[in-house]
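For reference, the structure discussed in these notes is given below.
These numbers come from a predicted model, not from an experiment.
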Amino acid sequence: MKRNWKITIFTGFLALFAGLLITKANPGIRLRFTDKGLQLVDTVAIQLLSKKVKTATIPDISGDADTPLGHISYSLSSVHFNSFSIPSSTFKTDPGVGLTLQISGAQVSVSGNWHYRKDHWPHVSDSGSFDLDASGIALSVSAKLGADSTGHPSIATSSCSSSIGDVNIHFHGGASWLYNLFDKYVAGKIKDTLQDKLCQEVSDVINNNAEKELSTLPVIKRLDKYALINYSLVSSPIFNESYLDVFIKGEFQSVTAPKEAPFSPVSLPADSESAKMAYVWLTDYVVNTAGLVYQDAGFLNETVTPSMLPPNFSYPLNTSTFKLIIPKLYLMYPNCLMKLVVHSTLRPTISTTSAGIALSMTGEVETYAQLKNGSFGYTFTMGLNISATVKIAVRQTNITGHVDTVKVKVNLIKSAIGDISINLKLLQFALDAFADQIIAKQLNKIGDVGFPLPVVDGVQLVNAEITSGKGFNLIETDVKYSPGKGAATDNRTQRGNKIVIV
């Protein structure tokens with residue numbers, strides 16, 4: 001059976017707010033959802049509550065009363081809701097409590113059957129039907145957010161109160177005139193029952209439907225065969241009068257051997273922004289843990305052969321290309337095909353300031369020339385230091401990156417063809433010439449895939465704006481929800497999109 005989409009979005013948003021009282025570590029990601037953003041949850045929550053109340057069953061009501069006919073016992077059965085309308089509601093943060101849903105001016109109509117029996121002889125009895133309209137209904141429910149022992153977010157009702165203003169009841173059929181003589185007694189009974197029922201239903205939505213959804217919400221998202229993202233929460237949420245902040249670990253970890261990174265996120269600055277629906281502070285820590293995972297997995301290593309270069313590339317992977325730059329190489333291996341064995345020697349890192357994002361990569365390239373017998377002879381090893389500027393963007397619900405400019409510095413590490421240090425200075429110019437054509441394109445294959453933000457299916461980020469600070473990027477965005485549409489995903493994976501740093 002498909003899960004109700006309203007429950008999914010309602011509880012999914014709540015999942016982002018739940019706190020995990022585990023550590024005092026700085027978060028890799030800070031998520032803020034403002035009262036403006038909670039209006040979206042309010043709309044979905046009211047739709048869900050209205051639907052649930054309309055299908056709720058009301059227990060039979062019984063009592064006794066004195067009438068002109070004598071003392072009688074009565075019962076109301078098959079009581080059911082006909083309509084439930086909520087003209088006004090708010091879903092807001094409640095400092096020190098959690099989240100509070102308030103409803104005012106609601107109206108409800110119910111119908112059912114009545115029956116009475118005179119207690120003394122003659123035991124006269126009769127039955128019929130009734131209609132009841134209640135108005136001026138107010139309800140306030142608060143929910144506490146936390147986490148279970150497995151680290152999943154949890155939610156439970158902390159308080160609920162409801163009140164009903166006016167109640168009008170009309171009896172039909174049989175001796176309905178008799179009921180009309182003591183309708184205030186019956187109306188009072190129904191009023192008390194309805195007040196309890198409304199709190200029971202909204203509490204059930206939170207304690208059962210929402211709690212069940214949260215218990216299945218994954219806090220670990222696998223990206224590919226190398227990496228997963230840990231989206232567990234590192235501390236309890238902070239509830240302000242106009243927003244709430246949630247603190248997410250936001251760490252890439254190895255699929256096969258997950259472990260803590262040997263470095264920590266920066267402390268994020270205090271901020272009171274609340275004009276947009278949602279804010280995401282994404283620290284450099286998140287991407288730098290990705291660099292660590294892929295570095296350790298060997299993903300950043302590659303062997304480059306001539307067939308891997310773009311068609312009609314101006315600089316074929318052949319010793320003839322280096323004839324003028326490194327004459328010794330050509331003299332020893334004239335017009336020979338080459339291969340390059342690339343190693344990343346340090347994990348890639350990014351560093352963000354208000355001026356932008358800088359990417360740094362360090363590696364070595366072993367060069368080989370193909371001999372007449374088809375084997376390859378080692379020639380030399382050069383070190384590469386690659387620096388680039390990066391711009392990040394939001395594509396649907398993915399964070400993507402794009403390299404604008406790339407600079408390469410080269411140095412000689414080892415040589416089997418003599419001292420060619422001076423020649424590598426000339427090679428520097430050649431590397432600068434095709435850095436954008438080769439290195440930038442390979443980096444952008446990775447950046448274009450990006451990684452997902454922790455949002456539920458159907459949520460889209462719209463009108464997103466990005467600004468950079470010291471050690472973080474801030475995403476300010478509004479949110480749209482499309483029921484039945486999963487969060488946008490990219491079927492491409494990073495498998496095969498190797499970073500070739502030459």
Side-chain angles (χ1 to χ4, degrees), residues 28-29 221-229 231 250-253 255 280 282-295 297-302 304 308-311 313 342 344 347-352 356-361 363 384 386-408 434-455 457 459-468 472-477 485-502:
I29 300 172
K221 184 175 181 63
R222 180 168 175 170
L223 298 178
D224 52 36
K225 68 178 182 180
Y226 303 104
L228 54 83
I229 299 182
Y231 282 138
E251 180 182 32
F252 280 71
Q253 295 178 337
V255 169
V280 182
L282 184 71
T283 67
D284 291 350
Y285 173 83
V286 179
V287 179
N288 286 335
T289 59
L292 177 63
V293 169
Y294 288 108
Q295 166 77 13
F299 177 77
L300 305 180
N301 302 332
E302 181 67 288
V304 184
M308 297 171 64
L309 296 180
F313 186 56
V342 183
S344 174
R347 64 176 175 86
T349 60
I350 68 162
S351 178
T352 305
I357 307 171
L359 169 67
S360 176
M361 301 180 68
L384 295 180
I386 301 172
S387 59
T389 58
V390 182
K391 289 184 178 179
I392 68 168
V394 177
R395 188 182 67 229
Q396 296 163 329
T397 57
N398 265 29
I399 295 295
T400 63
H402 186 84
V403 171
D404 280 338
T405 59
V406 177
K407 297 294 182 183
V408 182
F434 68 81
D436 288 341
Q437 298 182 55
I438 296 295
I439 301 175
K441 285 183 179 180
Q442 294 298 323
L443 290 174
N444 286 333
K445 283 184 181 180
I446 305 298
D448 187 54
V449 174
F451 63 91
L453 287 170
V455 298
D457 287 353
V459 170
Q460 299 177 42
L461 307 184
V462 295
N463 302 322
E465 300 176 3
I466 301 174
T467 55
S468 297
F472 69 91
N473 287 277
L474 171 59
I475 303 166
E476 308 173 47
T477 184
K485 294 183 178 180
T489 57
D490 197 321
N491 291 327
R492 292 170 294 174
T493 66
Q494 293 179 341
R495 184 184 310 170
N497 286 336
K498 293 279 189 175
I499 298 179
V500 182
I501 58 174
V502 295

How long is the straight-line distance from [atom2] of [Y] back to [atom1] of [X], given to the nearest 0.5 Å?
X	Y	atom1	atom2	value
Thr467	Leu474	OG1	CG	4.0 Å
Thr289	Arg347	OG1	CZ	9.0 Å
Gln253	Leu292	CD	CG	10.5 Å
Leu282	Ile466	CG	CD1	9.0 Å
Glu302	Ser344	CD	OG	12.5 Å
Asn473	Ile357	CG	CD1	4.0 Å

For [X] against [Y], the heavy-atom pair lying closest together:
X	Y	value
Pro348	Leu359	CB-CD1, 4.4 Å
Gln295	Leu300	OE1-CD1, 3.6 Å
Ala388	Val406	CB-CG2, 4.1 Å

Go through Asp224 and Tyr294 one step at a time and tell me if the side-chain hydrogen bond (donor to acceptor under 3.5 Å, both in side chains) criterion holds. CA-CA 11 Å; Asp224 52 36; Tyr294 288 108; 2.8 Å; yes

For Asp284, which residues count as a side chain to side chain donor-acceptor pair (under 3.5 Å) partner, sequence neighbours excluded? Thr352

Does Glu476 have any side chain to side chain donor-acceptor pair (under 3.5 Å) partners at least two apart in sequence or in another chain, and if so, which? none

Looking at His402, is its backbone amide N or carbonyl O close enough to the side chain of Asp448 to form a donor-acceptor pair, meaning the two atoms are under 3.5 Å apart? no

Is the side chain of Asn463 donor-acceptor paired with the backbone N or O of Thr477 at a distance under 3.5 Å, no angle test? no

Side chain to side chain contact (heavy atoms under 4.5 Å, CB included) between Ile399 and Val394: does it pass, once the steps are laid out? CA-CA 5 Å; Ile399 295 295; Val394 177; 4.0 Å; yes

Who pairs with [X] by side-chain contact (heavy atoms from CB on, under 4.5 Å), at least two apart in sequence or on another chain?
X	answer
Ser360	Thr349
Ser387	Lys407
Ser351	none
Val280	Ile29, Leu31, Leu453, Ile475

Is Val293 close to Phe299 at the side-chain level, that is, under 4.5 Å between some pair of heavy atoms? no

Quick check: do Phe451 and Val286 have side-chain heavy atoms less than 4.5 Å from each other? yes

The test is side chain to side chain contact (heavy atoms under 4.5 Å, CB included); show your working for Val304 and Val342 and say whether it passes. CA-CA 8 Å; Val304 184; Val342 183; 4.1 Å; yes

Exactly one candidate in Val449, Leu228, Ile229 meets side-chain contact (heavy atoms from CB on, under 4.5 Å) with Leu223; the answer is Ile229

Would you please indicate yes or no on a ring centroid separation below 6.0 angstrom for Phe472 and Tyr285? no

I would like to know whether Asn288 and Phe252 meet side chain to side chain contact (heavy atoms under 4.5 Å, CB included); could you show each step before the answer? CA-CA 8 Å; Asn288 286 335; Phe252 280 71; over 6 Å; no

